[in-house]
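Reviewing the structure listed below.
Below, chain A is the first sequence line, B the second, and so on; all start at residue 1. Keep in mind the model is a prediction, meaning the values are calculated, not measured.
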There are 2 protein chains.
Amino acid sequence: MSVQGYDKYAYEPFAVTVDLAVFTLRSGRLHILLVERGQEPYAGQWALPGGFLEPDEAAEEAARRELAEETGLADVAGLHLEQLRTYSEPGRDPRMRVVSVAFAALVPDAPQAQGGGDAARAAWLPYEEGAGGAYGPLAFDHDRILADAHERIGGKLEYTCLATAFCPPEFTLGELRQVYEVVWGTELDPANFRRKVLATPGFVEQIPGASRLTGGRGKPAALYRAGGAGSLHPPLLRPAPEPVPDAKKGPSS
Amino acid sequence: MSVQGYDKYAYEPFAVTVDLAVFTLRSGRLHILLVERGQEPYAGQWALPGGFLEPDEAAEEAARRELAEETGLADVAGLHLEQLRTYSEPGRDPRMRVVSVAFAALVPDAPQAQGGGDAARAAWLPYEEGAGGAYGPLAFDHDRILADAHERIGGKLEYTCLATAFCPPEFTLGELRQVYEVVWGTELDPANFRRKVLATPGFVEQIPGASRLTGGRGKPAALYRAGGAGSLHPPLLRPAPEPVPDAKKGPSS
DNA sequence: GCAAAAGTGTTCCACCTACACCCATGT
DNA sequence: ACATGGGTGTAGGTGGAACACTTTTGC
């Protein structure tokens, strides 16, 4: 059950916030939306955007509201926003007990820099795997949240059609493939990728006459739209995360 | 960021709770641990076990504590406990604002009935897919939480070694297969299942001399222990969830 | 012509599927 | 004997990995 006899003011109150890991692809690299903290603790450090739940607001609504505020995007309604998990360790905010519901969001591209609503500064910074990189350690436990979010996104690409959420309304298969390559940090065979995507009904649908040049050179590529499908059967697995040195039975490879 | 200028008593306080969907296998059926509510709202109805976060306790700790209280099990430390997601819709508890972190837990078997800590009554009831079943609609939004938990468990069986968490320390491959069959509601080929499991290094390891009779009849089966591996590569996919009638694209819209 | 990217074809192999078949045990 | 479940063997199909090859553009 959730609540029985309970004096709602008996305990030190919990603050409930949302934290957002917002990813985008920019010039062939994965970027993450960060804000610079204006005051203590962690003043001057980068942090994930986020904020408090309003009294009559679900976490998903708060997350989407924050997403709109921090990115400056108008059409936030259609963006992919996914609950990641909740972080509730007692010491994660030195001031008080803060329980934070973390979300992962995907944005096609963010040409506009975003005005920091209440933050000192906000920026898209290139994502670095090792939690270090161009922005240093993040405030609070946000390095961990960010790593969890990246892992989740990478995993979801395998068995969902999520990759189109990184793309503009019209995109080429090369651009779609680049989403996988950048998020996974691997290279994929263009031919096999193409077949795999086209073999999945509802993943993408071709725009009849359209075509576009991609990198300046090369044959113009056909344009596609996102299809209606959500899941990928069979999945598109990323190449072995662990090499697996040996095993009790190793047929040939 | 998480907190800026903020009067911690300015808002109506949030209560933070954990709710647990605890599954087990009993006599060949999937069971779920439920408690009967003693007071309003939803007095007399069944609900998921759960409770409040203590002031210095992470959600995971609270969940494990509740798990121990409600199941009566002593060795709760080794059980599989996994954060599902957080439910925060404003109206989900009529009395006050309750944000609930839901967990899914797997128990090998529960021979002992559990003493209800603070609940009127607690019981293992056979899980029903359609949220109805032997226990009727659950209190609050627990039907939804339970459905989400079942879906999560079913999905995780595909690509993790989680199934051993349902089994006692020593088990036969037939028992392990039954886990999949019961959770998925399908039948699996014993021969292929066997090969698949044994081909995955670290999924199970055989106990050299041991064997046991299973259903009274039949050849005694070899006994296995859970191995150290966590993930399943390649995954063990359940038979097609959607038949997908026809058409190369545009299934829904 | 050359480089680069799109797009097509083809081969090999891992793995999944399905069944057939033997083994050990209780009734 | 026979039913039942454990365990082994094997043939066929699907799909992914790897790679050769053609096409269309810019330089």
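Here A/Ala222 lies in heavy-atom contact (under 4.0 Å) with sugar-phosphate atoms only. No contact: A/Pro190 has no heavy atom under 4.0 Å from any strand.
Comparing D/dT25, D/dC19, C/dT8 by their closest approach to the side chain of A/Asn192 singles out D/dC19. Listed nucleotides D/dA18, C/dC19, C/dA6 differ in distance to A/Lys219; the shortest reach to its side chain belongs to C/dA6. The side chain of A/Leu213 lies closest to D/dT25, out of C/dG7, C/dG26, D/dT25. The side chain of B/Arg217 approaches D/dA3 more closely than any other nucleotide in the set D/dG7, C/dG7, D/dA3.
Under the 4.0 Å criterion applied to side-chain N and carboxylate O atoms, A/Glu128 and A/Arg29 are assigned as salt-bridge partners. Electrostatic pairing of A/Glu175 and A/Arg212 counts as a salt bridge here, judged by a charged N lying under 4.0 Å from a carboxylate O. One finds no salt bridge joining B/Arg64 and B/Glu60 here, because no Lys/Arg side-chain nitrogen approaches an Asp/Glu carboxylate oxygen to under 4.0 Å. For B/Arg85 and B/Glu151, the salt-bridge test fails: no basic side-chain N is under 4.0 Å from an acidic carboxylate O.
We find that OH of A/Tyr180 is positioned 17 Å from C1' of D/dA17, with the value rounded to whole Å. Atoms CZ (B/Arg195) and P (C/dC19) sit 14 Å apart, rounded to a whole Å. B/Leu176 places its CG atom 16 Å from the C1' atom of D/dG5, with the value rounded to the nearest Å. At whole-Å resolution of the value, CZ in A/Arg177 and C1' in C/dA4 are 12 Å apart. For the pair B/Leu198 CG and D/dG9 P, the computed distance is 13 Å after rounding to whole Å. Rounded to a whole Å, the CD atom of A/Glu175 is 13 Å from the C1' atom of C/dA6. Taking atom CD on B/Glu187 and atom P on D/dG5, their separation rounds to 11 Å, with Å as the unit. The CZ-P distance, from A/Phe193 to D/dG16, rounds to 12 Å in whole Å.
Inspection of the B/Asp143 and B/Tyr135 side chains reveals no N or O donor paired with an N or O acceptor under 3.5 Å.
Both B/Pro235 and B/Asp189 sit near DNA chain C, but only B/Pro235 has its closest nucleotide nearer the 5' end.
For the pair B/Lys196 and C/dC16, the criterion of a side-chain N or O lying under 4.0 Å from OP1 or OP2 is met.
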